[in-house]
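One structure is given below, encoded as structure tokens.
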2 protein chains.
Amino acid sequence: MAKQAEGKASVSPGTQVTLAIGQRSTKQRAAVATALRDIDDFRSAQEIFEIVKSRGDNVSLTTVYRSLQAMASIGDIDVLLNSEGEALYRRCGQRSGHHHHLVCRKCGFTVEVEGPAVERWTHDVARKQGFTDINHTLDIFGVCSSCARKAKTARV
Amino acid sequence: MAKQAEGKASVSPGTQVTLAIGQRSTKQRAAVATALRDIDDFRSAQEIFEIVKSRGDNVSLTTVYRSLQAMASIGDIDVLLNSEGEALYRRCGQRSGHHHHLVCRKCGFTVEVEGPAVERWTHDVARKQGFTDINHTLDIFGVCSSCARKAKTARV
DNA sequence: CTCTTATTGATAATGATTGTCATTAAATCA
DNA sequence: TGATTTAATGACAATCATTATCAATAAGAG
Ligand SMILES: [Zn+2]
Ligand SMILES: [Zn+2]
Ligand SMILES: [Zn+2]
Ligand SMILES: [Zn+2]
């Protein structure tokens with residue numbers, strides 16, 4: 001069995017891919033990682049597949065799915081489900097740990113937010129009810145000022 | 001056009017169905033509403049379809065979907081997406097308005113929770129970033145004390 | 001270079017949800 | 001009550017994101 005310590009391996013100029021033990025560094029995964037560096041919004045696997053393709057890299061949709069899942073399971077990227085239950089992915093800011101997202105419903109523009117008070121509250125509520133192994137989801141959706149402006153203009 | 005004021009119409013002994021303007025009272029929707037009264041957990045449309053059937057009522061899966069959506073859009077029942085993006089439905093406590101859920105990952109046991117401070121926080125954060133038309137999702141998951149007990153016993 | 005096996009890609013399959021459309025039956029009214 | 005209107009239903013096809021298969025490829029250890 002090929003063992004390998006967890007760590008960074010540069011597989012493409014300017015892009016770093018975190019690998020779990022036993023994982024291999026491939027150009028496909030590097031291509032996905034690179035595409036994620038270019039965008040700052042939450043995007044679906046299909047959209048990321050298109051972005052990768054438009055950059056000239058050729059990766060199958062299946063592999064895009066697998067790469068995103070691998071990255072997400074390591075915590076390298078964030079996942080959130082939109083109101084349709086579709087998974088959206090995003091490479092978030094420098095490992096700021098647990099955080100939440102304020103996402104524009106129209107353009108995907110995302111702001112990372114943290115709220116220690118909220119974290120405390122959810123935990124307290126759950127423990128008070130006797131729950132253990134607690135986790136939570138918290139996402140804020142809205143229309144960013146840019147999109148709101150556009151909508152107003154378009155209506156004229 | 002058949003106009004009708006919004007209100008309650010009893011369509012089955014012991015069950016009340018809220019109707020929007022223009023909607024009709026049918027035995028199928030009543031059957032779904034009755035099934036929802038019997039359960040206290042969040043369930044998928046498919047599961048509710050089975051429950052309705054097991055009670056002797058015959059409603060097509062398509063209609064179960066439509067009934068649940070209609071009830072949810074009025075706010076008569078709550079919807080939440082599980083980690084797979086599947087919609088789960090539940091008839092919640094007496095119209096307590098906006099609230100959130102603490103759900104057992106194992107058995108589905110649910111506790112309704114409210115947190116004015118969290119509501120204020122999400123709204124403030126979003127507005128501070130210039131967002132409008134704001135909404136949010138907040139769900140807490142864990143293992144209820146009952147399930148935790150069972151797990152400990154089973155392991156012996 | 002050789003070998004092991006993780007990874008890929010083409011494709012089929014899954015599974016929840018939605019669309020279609022002819023038929024049924026509430027609600028309204030003569 | 002019987003006729004009329006059209007919301008609602010049901011059987012079934014269609015979507016669409018995601019997963020499963022499996023043979024072919026290639027990373028990386030020795
Ligand atoms: Zn994030
Ligand atoms: Zn949190
Ligand atoms: Zn509720
Ligand atoms: Zn809330």
Side-chain angles (χ1 to χ4, degrees), chain A residues 1-12 17-33 35 42-50 52-53 57-74 79-89, chain B residues 1-12 17-33 35 42-50 52-53 57-74 79-89:
Chain A
M1 193 191 305
K3 289 260 169 102
Q4 180 194 341
E6 187 167 324
K8 302 277 184 178
S10 63
V11 286
S12 172
V17 177
T18 305
L19 297 176
I21 296 174
Q23 287 192 320
R24 294 175 184 176
S25 167
T26 68
K27 60 188 67 166
Q28 287 89 340
R29 190 161 303 183
V32 174
F42 271 96
R43 295 295 177 82
S44 69
Q46 306 263 358
E47 288 174 326
I48 293 167
F49 168 68
E50 293 298 337
V52 169
K53 199 193 300 178
D57 294 314
N58 227 39
V59 183
S60 76
L61 178 58
T62 306
T63 296
V64 169
Y65 268 103
R66 284 189 286 230
S67 299
L68 292 172
Q69 282 163 359
M71 293 174 185
S73 74
I74 299 176
V79 198
L80 85 76
L81 299 179
N82 67 12
S83 56
E84 274 82 38
E86 188 179 11
L88 306 181
Y89 302 87
Chain B
M1 194 193 304
K3 290 262 168 101
Q4 180 195 340
E6 189 169 320
K8 301 278 184 178
S10 64
V11 288
S12 171
V17 177
T18 305
L19 296 176
I21 296 175
Q23 286 191 320
R24 294 173 184 179
S25 166
T26 68
K27 61 188 65 168
Q28 287 89 341
R29 189 161 304 184
V32 173
F42 272 94
R43 295 295 177 82
S44 70
Q46 305 263 359
E47 288 173 326
I48 293 167
F49 169 67
E50 293 298 337
V52 168
K53 199 194 297 180
D57 293 315
N58 228 39
V59 183
S60 77
L61 178 58
T62 305
T63 296
V64 169
Y65 268 101
R66 284 189 287 230
S67 298
L68 292 171
Q69 281 164 358
M71 293 175 186
S73 73
I74 299 177
V79 198
L80 87 77
L81 300 179
N82 66 13
S83 55
E84 275 82 37
E86 186 179 14
L88 306 181
Y89 302 87

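Letters A, B, ... mirror the listed sequences (proteins, then strands); counts begin at 1. These numbers were taken from a predicted model, which means no experiment stands behind them.
One cannot find a donor-acceptor pair under 3.5 Å joining the base of C:dG19 and the side-chain atoms of B:R66. You won't find any donor-acceptor pair under 3.5 Å spanning the side chain of A:R29 and the base of C:dT7, going by distance alone.
Between the OH atom of B:Y89 and the P atom of C:dA16 there is a distance of 12 Å, given to the nearest Å. Regarding A:K27, its NZ atom lies at a distance of 14 Å from the C1' atom of D:dG28, rounded to whole Å. The CD1-P distance, from B:I21 to C:dT28, rounds to 12 Å in whole Å. Atom P of nucleotide D:dA17 and atom CG of A:L81 are separated by 14 Å, given to the nearest angstrom. Going from atom CG of A:N58 over to atom P of D:dT25 covers 16 Å, rounded to whole Å. The CG-C1' distance, from B:L68 to D:dT9, rounds to 15 Å in whole Å. Taking atom CG of A:L88 as the reference point, atom C1' of D:dT18 lies 14 Å away to the nearest angstrom. In this structure, B:Y65 places its OH atom 16 Å from C1' of D:dA11, rounding to the nearest Å.
DNA chain C is contacted by both B:L61 and A:T63; A:T63 maps to the nucleotide lying nearer its 5′ end (nearest heavy atom per residue).
The phosphate of C:dA10 has neither OP1 nor OP2 within less than 4.0 Å of any side-chain N or O from A:S60. Contact annotation: A:T26 reaches the phosphate of C:dT8 (side-chain N/O to OP1 or OP2, under 4.0 Å). Residue A:Q46 has a polar side-chain atom (N or O) positioned under 4.0 Å from OP1 or OP2 of D:dA17. Between A:S25 and D:dA27 there is no side-chain N or O to OP1 or OP2 distance below 4.0 Å. Contact annotation: B:Q28 side-chain N/O to D:dG10 OP1/OP2 distance is under 4.0 Å.
Of all nucleotides listed (C:dT11, D:dT18, C:dA6), C:dA6 comes nearest to the side chain of A:R24.
The residue B:N82 sits apart from the nucleic acid: no heavy atom pair falls under 4.0 Å. Note on A:E47: nothing from the nucleic acid sits closer than 4.0 angstrom, heavy atoms only.
Taking OG1 of A:T18 as the reference point, atom CD of A:Q23 lies at 9.5 Å (rounded to 0.5 Å). To the nearest 0.5 Å, atom CZ of residue B:R43 and atom CZ of residue B:F49 are 15.5 Å apart. Considering CG of A:L88 and CD of A:E47, their distance stands at 7.5 Å, rounded to 0.5 Å.
Applying side chain to side chain contact (heavy atoms under 4.5 Å, CB included) to B:Y65 and the options B:T63, B:L68, B:L61 leaves one that passes, B:L61.
Side-chain contact check for A:R66 versus A:T62: some heavy-atom pair is nearer than 4.5 Å.
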